[in-house]
Amino acid sequence: MQLSHRAVTLALAAPFRISRSTDVEVELLWVELAHDGVSGFGEATPQDHYGESVASATAFLERAAPLLGDDPFAHEEIGARLAELPGERAAKCALDAALHDLCGKLCGQPVWRLLGVPRAAPPTSFTVWLGDPDDMAARAARVAAEGRFRRLKLKLGARDGLDVERVRAVRAVTGLPLQVDVNEYWTVDEALDAIPELAALGVEYVEQPLPAGDRGGALLRERSPLPVYLDEDCHTLADVAGCAERGHGVNIKLAKSGGIREAIRMVHAARALGLGVMIGCMIETGLGIAPACPVASLCDHVDLDGNLLLAHDPWPGVELEDGVQLPSDRPGLGVVAA
Ligand code: MG
């Protein structure tokens, strides 16, 4: 198989603010794997927060190219060879996605059919990024009025004492189901104060309230009146058992897991441990969202709005239908560069 790749920078529809950062554009990598005249594509969205960059992902792809071999269906063997190279989960995810895309195209089947899962999933949340309470409420009201989304995820963690007010302001303008994501910015005491108030406002669950690895996780798990889902704490299969001690669910993302195959292993491990399962995303194009859609069919909660936060999605094909991000019916991942 021939591997090629290129870096791209894409503008967001609006500045995206969370607890630790504000982004106006996203840097990512597109990979192409060619075999027998057919090409499979995948996307890497390396995250600074996890020590990855477009440069480190590019260096990884250079080292990975000779390890791919000539059989695109040999997922386990290819994965084992790539696992010898440490880290770089976003780049591994891009290769895993490209292999699935390629296999689907070679068989003439969409990836969701190759995986044997239904073309169905829970509705995605739409992310209301961090802002002042009135601003978040105004944006939430606009999204609710458009009627395209069936649930909202509110970014919290501003460290200004107004996080509960943000939720109260949004709740005053919409009855849509709400979840919140604190992106590691509360202490245990702040979480124990805020979560009962969020429960009273009808919030369904809280994502990553504490810093990853925080020693207070077990206590919060025991006392929180709402389920705690772990994102920054949960990257690969090796993290899932530890998350059962500190939370009630995990947020799986392909850019953290290294692709579809590890994500599915994580879903089953989480189920065996009695954890809830959510699938999330980075800000990525339809090429990054498409491989997550089939995995979403196995999850309780879905947050796959990344391509909808871009000014323009250069890989159309994922379809937002009645609030659900559905994979295409076309072979492979079913997205085509516009
Ligand atoms: Mg999160």
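Counting starts at 1 for both ligands and their atoms, following the listed order. The chain is numbered in sequence order, starting from 1.
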Walk me through it: do S19 and E184 pass the test side chain to side chain donor-acceptor pair (under 3.5 Å)?
CA-CA 8 Å; S19 61; E184 309 182 279; over 6 Å; no

Ring-plane angle category for W30 and W315, please: parallel below 30°, perpendicular beyond 60°, tilted otherwise.
perpendicular

Can you list every pair that meets side chain to side chain donor-acceptor pair (under 3.5 Å) and has a residue in residues 218-229, with sequence neighbours left out?
none

Apply side chain to side chain contact (heavy atoms under 4.5 Å, CB included) to D303 and M278, showing your working.
CA-CA 7 Å; D303 177 31; M278 170 183 181; 3.7 Å; yes

Measuring from the Mg ion (ligand 1), count protein N/O/S atoms under 2.8 Å, please.
3

Does a side-chain heavy-atom distance below 4.5 Å link S53 with Q47?
no

Out of curiosity, D322 CG to R148 CZ, how far, rounded to the nearest 0.5 Å?
12.5 Å

